[in-house]
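The analysis underlying the following values was restricted to heavy atoms, covering all of them including side chains, and did not include hydrogens, waters or symmetry mates. All chains are named by letter (A, B, ...) in the order of the sequence lines, taking the proteins before the strands, and each is independently numbered beginning at 1.
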Amino acid sequence: MSDKVRVRYAPSPTGYIHIGNLRTALYNYLFARHSGGKFILRIEDTDQARKVEGAVGNIISTLDWAGLDYDEGPVKGGECGPYYQSERLGIYKEHTDILLNNKKAYYCFCTSERLTALREEQQRQKAAQTKYDKHCLSLSEDEIAKKLSEGIPHVIRLNVDPCAKIKFQDEIRGEVEFTGEVIDDQVLVKSDNYPTYHLANVVDDHLMKITHVIRGEEWLPSTPKHVLLYESFGWKPPVFAHLPLLLNPDRSKLSKRQGDVAVEDYKKKGYLREALVNFIALLGWTAGDDREFYYLDELITSFSLDRVNKSGAVFDILKLNWLNAEHLRKKTDSELLGMLRLELSESKYSSLEFSDEFLLNVITAMIPRVSFIKEILEKGFYFFEEPALYDEAVIKKRWKSDSSAILCKYAEKINQYSSPQKEDFETALSETAAEMNVGNGDVIHPLRLAVSGVGGGPGIFDIVYIIGKEKTINRINRISEKLKS
RNA sequence: GCUCCCAUCGACUAGGGGUUAGGUCGCCACUCUUUCACAGUGAAAACACGGGUUCGAAUCCCGUUGGGAGCGCCA
């Protein structure tokens, strides 16, 4: 079937994957999977100067991390390869020759100095827009041949008719129209013989039989150039869909400076892939109902381009955090255990040994209180080490002159059990309070301070049961010494 | 400056001629909990402005204002 959906994600290997690019990839992926089409990965490495070592590997592993598997592309291969533009130079050459023969494109021998001067002059004269003056268009065949044989550096430009009207249907925005007047004679082939984005992109999209070009809104202004190229080749353009931008809190295009922008950063910070994917899917798209929680396969089922929004969306980290907590709470115990063990192995507690039972108890106690697994180590540090100091505010509020005596009594009580259960810790506490003639709170709060050093956290009986009798008694003795009075 | 795109609570959004303009995050309060969370309940919070069209406009049209993006031998 020739009308089978084929979409692509076409990043340039200049480093990390930007969160906005991940969303573009995601929408392409969702659209492809929803319609039973193909999702293609193509590496746009035509800029020699910006190439970054290892970037392709990073792109592939990031897509893999997010769960966006592609059907054709680097490593995997496919019928329309190669999938690196740097390996398709011959193809671009063939196609520029077609354009040159058609007179749709022409050689330009202008130096960058002349171009800069031209641009400055136009700016000085407050021209409506700066654009190439078609200076080299008037060169004769002989002049061109001569310059070429002399090896004079040159580029190849698209010959744009200023009177042309370029109209296209955008799947998200409707009809968009430009006039040729505002379109520059775009460089198609650079002096190093590499194609620019515009040429390579159009040629590859056509040859790779791409049916829908789903990309960021920043491409909208150059789409008329692409449409012109399709027309120049006599090809049918694909359907265009320009996605709204992801924005900083100040509504400028999402960028570093105002927060993390690399998918890597979010991964490092402990965000779950499910949460990130869920979150960015909702930035610019909604199924129309009130649903907020989705897994990837559910997104595939629900996704459609016609419910994508037109306006930019601010990346709100607070909502991402919430979704992360939601996804975390949906994890099974064994998944959480694995995650906690991994976190532990990378922490200062890496040399310590903990049983599965102990860790599972900690997870149960802490999971409603955290948004990230690593927070279990941060907020629940007292499960892994003795508190080094005690929260001053809590001391002031909860530590009374008789607290030490009360806790010692409690220590004696629990010491009578060989292996106290949670209920035993509780019984011991009410007995202590009764015998000391104080309220339960007069035991509970100092006890919490003694074992955890802080004023909040899981139920006190959960904590003491989890850390055990020995440690509880040790910590009671320790605080009694430290806070004599 | 020019071109194009956009405009509902602080944020993400639903609604697309007649709605008490709905939901989610966040914020606040209450309930639960002798703590902190989770959970539950409730509150505050929006149709940028001006003209049309219409019996009736958040919704359609025009303009204004505001915001954004693009204007490279980068992608």
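- At the heavy-atom level, A/E177 lies under 4.0 Å from the strands shown only through sugar-phosphate atoms.
- For A/K310 and B/G16, the NZ to C1' distance is 10 Å, given to the nearest whole Å.
- Between A/K256 and A/D265 there is no salt bridge, since no side-chain nitrogen of the basic residue lies less than 4.0 Å from a carboxylate oxygen of the acidic one.
- When the C1' atom is used for both B/U64 and B/A7, the distance is 13 Å, rounded to whole Å.
- Across all strands shown, B/C71 forms a Watson-Crick or G-U wobble pair, both distances under 3.5 Å, with B/G1.
- Pairing for B/U20 is absent, judged as Watson-Crick or G-U wobble with the two contacts each under 3.5 Å.
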Q) How would nucleotides 22-29 of chain B be written as a contact map, 5' to 3', with B for base contact, S for sugar-phosphate-only contact and - for no contact, using protein heavy atoms under 4.0 Å? A) BBBS----
Output one line per pair: protein atom, nucleotide atom from nucleotides 61-65 of chain B, and distance, for all N/O pairs under 3.5 Å.
none

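- Residues A/G174 and A/G284 each lie close to RNA chain B; by heavy-atom proximity, the contact nearer the 5' end of the strand is made by A/G174.
- The separation between A/E175 atom CD and B/C4 atom P is 13 Å, rounded to whole Å.
- Both the sub-6.0 Å distance and the 45° axial angle are not jointly satisfied by A/R157 relative to the ring of A/Y107.
- Between A/T223 and A/R215, the side chains place a donor N or O and an acceptor N or O closer than 3.5 Å (distance only, hydrogens not considered).
- Positionally, the nearest nucleotide of RNA chain B for A/F178 lies more toward the 5' end than for the other of A/R329 and A/F178.
- In this structure, B/U65 forms a base pair with B/A7, meeting either the Watson-Crick or the G-U wobble geometry with both donor-acceptor distances under 3.5 Å.
- The aromatic rings of A/Y230 and A/F240 sit perpendicular, their planes meeting at an angle over 60°, well past the 30° parallel limit.
- Ring planes of A/F425 and A/Y465: perpendicular class, angle over 60° (limits at 30 and 60°).
- Electrostatic pairing of A/K330 and A/E274 does not count as a salt bridge here, judged by no charged N lying under 4.0 Å from a carboxylate O.
- With a cut-off of 3.5 Å on both pairing distances, B/U59 has no Watson-Crick or G-U wobble partner at all.
- Going from the C1' atom of B/G18 to that of B/A57 covers 10 Å, rounded to whole Å.
- Separating the C1' atom of B/A21 from that of B/U31 is a span of 29 Å, rounded to the nearest Å.
- Protein atom CZ of A/F240 is 15 Å distant from nucleotide atom P of B/C5, rounded to whole Å.
- If you measure from atom CG of A/L282 to atom C1' of B/A14, you get 12 Å, rounded to the nearest angstrom.
- Nucleotides B/G63 and B/G23 have their C1' atoms positioned 34 Å apart, rounded to a whole Å.
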Please write out the pairs of protein N or O atoms and N or O atoms of nucleotides 33-35 of chain B separated by less than 3.5 Å, giving the distance to one decimal.
unit_1 : atom_1 : unit_2 : atom_2 : d
B/U34  : O2'    : A/H445 : NE2    : 2.9
B/U34  : N3     : A/G441 : N      : 3.0
B/U34  : O4     : A/N440 : N      : 2.5
B/U34  : O4     : A/G441 : N      : 2.4
B/U35  : O2'    : A/G455 : O      : 2.5
B/U35  : O2     : A/R448 : NH1    : 3.3
B/U35  : O2     : A/R448 : NH2    : 3.3
B/U35  : O2     : A/G457 : N      : 3.0
B/U35  : O2     : A/G457 : O      : 3.1
B/U35  : N3     : A/R448 : NH2    : 3.0
B/U35  : N3     : A/G457 : O      : 2.6
B/U35  : O4     : A/G459 : N      : 3.3

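- Figure legend. B/U31 is base-paired to B/A39; pairs are counted as Watson-Crick or G-U wobble with both atom distances under 3.5 Å.
- Between the side chains of A/Y197 and A/E44, not a single donor N or O lies within less than 3.5 Å of an accepting N or O.
- Two residues are said to be in side-chain contact when any heavy atoms from C-beta on lie closer than 4.5 Å; A/R23 and A/F315 fail this criterion.
- Backbone-only contact: A/R307 has heavy atoms under 4.0 Å from sugar-phosphate atoms and none from a base.
- Taking the P atom of each, B/G26 and B/A39 are spaced 9 Å apart, rounded to whole Å.
- Side chain to side chain, A/H242 and A/R173 fail the donor-acceptor criterion of an N or O pair below 3.5 Å.
- Taking atom C1' in both B/U8 and B/G22, one finds a spacing of 11 Å when rounded to whole Å.
- Applying the ring pair (Phe, Tyr, Trp, His ring centres under 6.0 Å) criterion to A/Y27, with sequence neighbours excluded, gives A/F303.
- Here B/C38 presents its C1' atom at 17 Å from CD1 of A/I363, a figure rounded to the nearest Å.
- Each side-chain hydrogen bond (donor to acceptor under 3.5 Å, both in side chains) pair with one or both residues in residues 370-380 of chain A, not counting sequence neighbours, would appear here, but there are none.
- Taking 4.0 angstrom as the limit, A/N309 places a side-chain polar atom (N or O) nearer than this to OP1 or OP2 of B/U13.
- Stacking of A/K147 on the aromatic ring of A/F109 is recorded, both the 6.0 Å distance cut-off and the 45° axial limit being met.
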Polar atom pairs (N or O), protein with nucleotides 69-75 of chain B, under 3.5 Å:
unit_1 : atom_1 : unit_2 : atom_2 : d
B/A69  : OP1    : A/K253 : N      : 3.0
B/G70  : OP1    : A/K253 : NZ     : 3.1
B/C73  : O2     : A/S191 : N      : 2.7
B/C73  : O2     : A/S191 : OG     : 2.8
B/C73  : N3     : A/S191 : OG     : 3.1
B/C74  : OP2    : A/K190 : NZ     : 2.9
B/C74  : O2'    : A/D47  : OD2    : 2.9
B/C74  : O2'    : A/R50  : NE     : 3.2
B/C74  : O2'    : A/R50  : NH2    : 3.3
B/A75  : OP1    : A/T46  : OG1    : 2.8
B/A75  : OP1    : A/K190 : NZ     : 2.8
B/A75  : OP2    : A/Y197 : N      : 3.1
B/A75  : O4'    : A/R50  : NH2    : 3.4
B/A75  : O3'    : A/E44  : OE1    : 3.3
B/A75  : O2'    : A/S12  : OG     : 3.2

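- Using a 4.0 Å cut-off between charged nitrogen and carboxylate oxygen, A/E177 and A/K165 do not count as a salt-bridge pair.
- Spacing between B/A48 and B/A11 at atom P, rounded to whole Å, works out to 12 Å.
- Rounded to whole Å, atom C1' of B/C38 lies 13 Å from atom CG of A/L328.
- We find that CD of A/E375 is positioned 17 Å from P of B/C36, with the value rounded to whole Å.
- A/F39 has its ring centre less than 6.0 Å from the ring centre of A/Y29.
- Environment of NZ in A/K167: sparse, with no more than 12 heavy atoms of neighbouring residues, nucleotides or ligands closer than 6.0 Å.
- Going from atom CG of A/L243 over to atom P of B/C5 covers 17 Å, rounded to whole Å.
- For the C1' atoms, the distance linking B/C74 with B/C38 amounts to 49 Å, nearest Å.
- With hydrogens and angles left out, the side-chain atoms of A/D192 and A/Q48 include no donor and acceptor closer than 3.5 Å.
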